[in-house]
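Have a look at the structure below, then the notes.
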Amino acid sequence: MSLIDMHCDTLLKMMNADHRENLMRNPHCVSIPKMRKADVIAQFFACFISMPDMKGKTVGEKYDSGYRYALEMQSLLGEQIRTYAQDLAWASDYGELEQNTAQGKITAIPTVEEGGILNGRMERLEELYRRGFRLITIMWNHENCIGHPNSKDPACMEKGLKPFGREVVERMGELGMITDVSHSSDGTFWDVLEVCKGPVAASHSNCREL
């Protein structure tokens with residue numbers, strides 16, 4: 001059975017490594033040999049932004065730093081695809097994924113985890129799309145310009161998308177980008193289902209009862 005894995009943090013770990021790592025050999029969960037063994041046909045690589053680690057004196061400056069860092073991680077993925085071109089390939093749509101699979105290549109798809117890096121600027125969403133990003137986890141652990149996160153606070157859990165967040169989700173649907181609701185509050189989740197005209201997924205979530 002072939003697999004499509006929608007989330008891993010391998011790019012971030014490679015960026016933070018003390019020495020240069022690659023997707024052929026590394027100590028992390030995802031590598032080319034491991035993907036081959038698992039018959040992975042597509043791997044979504046999260047460009048995860050941990051806000052406390054970003055540079056900047058203000059929240060806005062931190063999100064700007066996070067945006068630049070996400071692009072650096074995407075560039076690292078591009079280097080790996082060029083280096084291991086017989087094993088990895090980009091895909092901008094499902095047709096290209098099928099072509100890659102037919103050629104025996106694993107499709108590598110960059111994603112964003114922490115939609116706050118848009119920082120209220122819709123042009124950033126368009127740029128991410130042009131650079132091959134096809135999924136955005138719109139929330140992480142903090143309220144951002146899009147909406148509200150999962151929380152133990154019932155009042156926060158009732159809050160949903162902000163006006164800019166509604167615009168983002170609508171535009172993502174128009175582009176065919178996947179809106180990822182992992183880390184979202186209940187209110188944000190339901191607002192996404194109301195607004196989005198494209199694909200919605202929860203890339204790394206568990207059943208609440210478990």
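Along the sequence shown, the residues carry numbers beginning at 1.
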Go through it in stages, so that I can follow the logic: the residues are D64 and R68, the test is side chain to side chain contact (heavy atoms under 4.5 Å, CB included), and I'd like the CA-CA distance, side-chain angles, deciding distance and then a yes or no.
CA-CA 7 Å; D64 289 344; R68 293 189 292 271; 3.9 Å; yes
Using the test ring-ring contact (aromatic ring centres under 6.0 Å, His included), find all partners of [X] that sit at least two apart in sequence or belong to another chain.
{"X": "H7", "result": "H204"}
{"X": "Y84", "result": "none"}
{"X": "H142", "result": "W140"}

Partners passing side chain to side chain contact (heavy atoms under 4.5 Å, CB included) against [X] (at least two apart in sequence or in another chain):
{"X": "R130", "answer": "E126, E127"}
{"X": "E167", "answer": "M122, F164"}
{"X": "S92", "answer": "E96, R134"}

Looking at [X] and [Y], would you say the former's side chain and the latter's main chain have a donor-acceptor pair under 3.5 Å?
{"X": "N26", "Y": "V30", "result": "yes"}
{"X": "R124", "Y": "I117", "result": "yes"}
{"X": "D180", "Y": "S203", "result": "yes"}
{"X": "T83", "Y": "Q80", "result": "no"}
{"X": "Q43", "Y": "M6", "result": "no"}

What heavy-atom pair brings [X] and [Y] nearest, and what distance separates the two atoms?
{"X": "K13", "Y": "E21", "answer": "O-OE1, 4.0 Å"}
{"X": "G115", "Y": "I146", "answer": "O-CD1, 3.5 Å"}
{"X": "C145", "Y": "N119", "answer": "SG-N, 3.7 Å"}

Close side-chain approach of [X] and [Y], heavy atoms under 4.5 Å:
{"X": "K105", "Y": "L88", "result": "no"}
{"X": "H183", "Y": "N141", "result": "yes"}
{"X": "M139", "Y": "E114", "result": "no"}
{"X": "S2", "Y": "I41", "result": "yes"}
{"X": "I49", "Y": "M73", "result": "yes"}
{"X": "I4", "Y": "F44", "result": "yes"}
{"X": "I138", "Y": "T179", "result": "yes"}
{"X": "C47", "Y": "L11", "result": "yes"}

Sorted by first residue and then second, give each salt bridge (charged side-chain N to carboxylate O under 4.0 Å, His left out) pair with at least one member in residues 37-55; sequence neighbours left out.
none
Which pairs count as salt bridge (charged side-chain N to carboxylate O under 4.0 Å, His left out) when at least one residue sits in residues 71-89, sequence neighbours excluded?
R20-E79, R36-D87
Determine, stepwise, if the pair E113 / D9 fulfils side chain to side chain contact (heavy atoms under 4.5 Å, CB included).
CA-CA 10 Å; E113 184 176 13; D9 289 320; 3.8 Å; yes
Is there a path of hydrophobic side-chain contacts, each under 4.5 Å between heavy atoms of I, L, V, M, F, W or Y residues, that connects [X] with [Y]?
{"X": "I178", "Y": "F45", "result": "no"}
{"X": "I106", "Y": "L135", "result": "no"}
{"X": "L97", "Y": "I81", "result": "no"}
{"X": "L125", "Y": "I109", "result": "no"}

So which pairs with a foot in residues 90-135 pass ring-ring contact (aromatic ring centres under 6.0 Å, His included), sequence neighbours left out?
none
Qualifying ring-ring contact (aromatic ring centres under 6.0 Å, His included) pairs with a residue from residues 49-73, counting only residues at least two apart or across chains:
none
Name each donor-acceptor pair under 3.5 Å that joins a side chain in residues 187-200 to protein atoms two or more places apart or in another chain, with its distance.
from : atom 1 : to   : atom 2 : distance (Å)
T188 : OG1    : H148 : N      : 3.2
T188 : OG1    : H148 : O      : 2.9
T188 : OG1    : S185 : OG     : 2.9
D191 : OD2    : L161 : N      : 2.9

Inter-residue atom distance K62.NZ - S50.OG, 0.5 Å rounding
9.0 Å
Separation of S151 OG from E158 CD (nearest 0.5 Å):
11.0 Å
Residues D186, K159: salt bridge by 4.0 Å N-O rule
no
One pair to check against side chain to side chain contact (heavy atoms under 4.5 Å, CB included): V40 and K34. What are the steps and the verdict?
CA-CA 9 Å; V40 172; K34 291 175 182 177; over 6 Å; no
Does E143 have any salt bridge (Lys or Arg N to Asp or Glu O under 4.0 Å) partners at least two apart in sequence or in another chain, and if so, which?
K162
Could you verify whether a donor N or O on one side chain and an acceptor N or O on the other, from T137 and S182, lie under 3.5 Å apart?
no
Flag yes if more than 12 heavy atoms outside Q86 fall under 6.0 Å of its CD atom; otherwise flag no.
no
Check this for me: N206, atom CG, are more than 12 non-hydrogen atoms of other residues, nucleotides or ligands nearer than 6.0 Å?
no
Is there a side chain to side chain contact (heavy atoms under 4.5 Å, CB included) between L23 and L77? Walk through the geometry before answering.
CA-CA 9 Å; L23 284 176; L77 180 60; 4.1 Å; yes
